[in-house]
Amino acid sequence: MEKTVPALNEKISALNCIDLSTSDVNQSINLLKQACLDCGFFYVINHGISEEFMEEVFRESKRFFELPITEKMKVLRNEKHRGYTPVLDELLDPDNQVHGDYKEGYYIGVEVPEDDPEADKPFYGPNVWPDAALLPGWRQTIERFHQEALEVARKVARIIALALDLDADFFDKPEMLGQPIAVMRLLRYGAYVSDPSKGIFGAGAHSDYGLITLLATDDVSGLQICKDKDAQPQVWENVAPLKGAFIVNLGDMLERWSNCIFRSTLHRVVGNGQERYSIAYFVEPSHDCLVECLPTCKSENNPPKYPPITCGTYLSQRYKDTHSDLNKYSKPQI
């Protein structure tokens, strides 16, 4: 790995900050709408998850990633995208990356028993958990955070609905966030130095696939966004960590749903030689939800730009395009 620190863009992106505890709903709607039209990224504060618990979750994440690689490979991700993803497993920007991402991760989704009829669908099923004897209490902490983060996502989705001139509970329907595909991913970036000029990244440039993403980070910088993906050259801005906050961004599915009125934005992670931890919480509607242009986002002069598609079909193709073939890995004997 190249160890020379590259010259990186030092501009800090000024993001709007949405306070979920405020009684001024109109202010929240206006701030969020401006952010969604501008870059699709904003901070969320006072969201209801305590800083103490957030810190505990980060400690638990570190406990997992500190396990020997032989133990982590015992819970290698499966075809349902549950479990461990090794360094270089994911290739998000094949046109510009020479290797995969220099990060490792761990997927946790909504727990669906194996004998449940829903478990036959992509993205549904039981989670893969590390040995409780190795990490006592780990599963309980991670499951609690998954549940609490989903409630934060639902609060944010209600403001998004109002910003799109929809009813506040539009995304609360059973086929949407009533029965969501909510995937949490613990992430660890090693102490590598990225070099964009040589195609080496912590995470390659990409936009997220689904509705919204909540991102919790430690205090190590690395996230960058590009507000205009068509600009030549592209201009990248740093997004500063904000203690106790979630960084929220819109996904491609919401851009598609809103007929490109709201934006999903390219982002990447550039390592600076420090180990970095983050937790990404990806929120999508149910597998069978039909994603089609919202009634408030189309007109005679602005007809729908995309045909309807089910959420499960859309997500399956996006994951297939960016993840390695599982057959390349050989699991250790347990």
In terms of relative ring orientation, are [X] and [Y] parallel, tilted or perpendicular, with 30° and 60° separating the classes?
X: Y277; Y: F65; answer: tilted
X: F246; Y: H47; answer: tilted
X: H267; Y: H206; answer: tilted
X: Y106; Y: F64; answer: perpendicular
X: W129; Y: W138; answer: perpendicular
X: Y281; Y: H146; answer: perpendicular

Closest heavy-atom pair and its distance - [X], [Y]:
X: L266; Y: A205; result: CD2-C, 4.3 Å
X: A119; Y: G125; result: CB-CA, 4.2 Å
X: V283; Y: A153; result: CG2-CB, 3.6 Å
X: K80; Y: D120; result: NZ-C, 3.6 Å
X: M253; Y: Y314; result: CE-CD2, 3.7 Å
X: K305; Y: C260; result: CD-SG, 3.9 Å

From [X] [atom1] over to [Y] [atom2], what is the distance, rounded to the nearest 0.5 angstrom?
X: K72; Y: R188; atom1: NZ; atom2: CZ; result: 6.5 Å
X: N16; Y: Q27; atom1: CG; atom2: CD; result: 10.0 Å
X: E51; Y: E55; atom1: CD; atom2: CD; result: 6.5 Å
X: K74; Y: L134; atom1: NZ; atom2: CG; result: 7.5 Å
X: K298; Y: N259; atom1: NZ; atom2: CG; result: 9.0 Å
X: S207; Y: L92; atom1: OG; atom2: CG; result: 9.5 Å

Notebook entry, point to check: Looking just at side-chain N and O atoms, do R185 and T85 make a donor-acceptor pair shorter than 3.5 Å?
Noted result: yes
Is it true that a side-chain atom of [X] and a backbone atom of [Y] form a donor plus acceptor pair closer than 3.5 Å?
X: Q224; Y: E237; answer: no
X: T265; Y: C39; answer: yes
X: N127; Y: G109; answer: yes
X: T296; Y: L164; answer: yes
X: S194; Y: G202; answer: yes
X: D19; Y: S21; answer: yes
X: D167; Y: D169; answer: no
X: R256; Y: P307; answer: yes
X: D101; Y: D89; answer: no

In terms of hydrophobic clusters joined by side-chain contacts under 4.5 Å, are [X] and [Y] together?
X: I247; Y: I18; result: no
X: L177; Y: I212; result: yes
X: I29; Y: I160; result: yes
X: M176; Y: Y124; result: yes
X: V25; Y: V156; result: yes

Margin query: If you count every heavy atom of other residues, nucleotides or ligands that lies below 6.0 Å from K33 atom NZ, does the total exceed 12?
Written below: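 Incorrect, the count does not exceed 12.
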Next item on the list: Kindly check if the number of other-residue, nucleotide or ligand heavy atoms within 6.0 Å of NZ (K229) is above 12?
Entry: no
Look at [X] together with [Y] and state whether they make a salt bridge at an N to O cut-off of under 4.0 Å.
X: D252; Y: R318; value: yes
X: R158; Y: D172; value: yes
X: E111; Y: R82; value: no

Quick check: do [X] and [Y] have side-chain heavy atoms less than 4.5 Å from each other?
X: V235; Y: D228; value: no
X: E255; Y: L250; value: no
X: L223; Y: L215; value: yes
X: L91; Y: Q97; value: yes
X: R154; Y: P180; value: yes
X: C311; Y: L211; value: no
X: L31; Y: F42; value: no
X: I279; Y: F145; value: yes

Check: Taking it one step at a time, do L37 and F262 satisfy side-chain contact (heavy atoms from CB on, under 4.5 Å)?
Finding: CA-CA 5 Å; L37 293 170; F262 280 2; 4.0 Å; yes
Notebook entry, point to check: Out of C297, C293, C36, which residue meets the side chain to side chain contact (heavy atoms under 4.5 Å, CB included) rule with I261?
Noted result: C297
Margin query: The test is side-chain contact (heavy atoms from CB on, under 4.5 Å); show your working for L186 and I142 and say whether it passes.
Written below: CA-CA 10 Å; L186 309 177; I142 297 303; 4.2 Å; yes
Item checked: Stepwise side chain to side chain donor-acceptor pair (under 3.5 Å) test for T213 and D208 -> CA-CA 8 Å; T213 303; D208 290 345; 2.8 Å; yes
Item checked: H287 vs I181, side-chain contact (heavy atoms from CB on, under 4.5 Å): CA-CA, chis, key distance, verdict -> CA-CA 7 Å; H287 179 274; I181 299 172; 4.3 Å; yes
Checklist line | I159 and L20: CA distance, side-chain angles, deciding distance, side-chain contact (heavy atoms from CB on, under 4.5 Å) verdict | finding: CA-CA 10 Å; I159 303 174; L20 291 187; 3.7 Å; yes
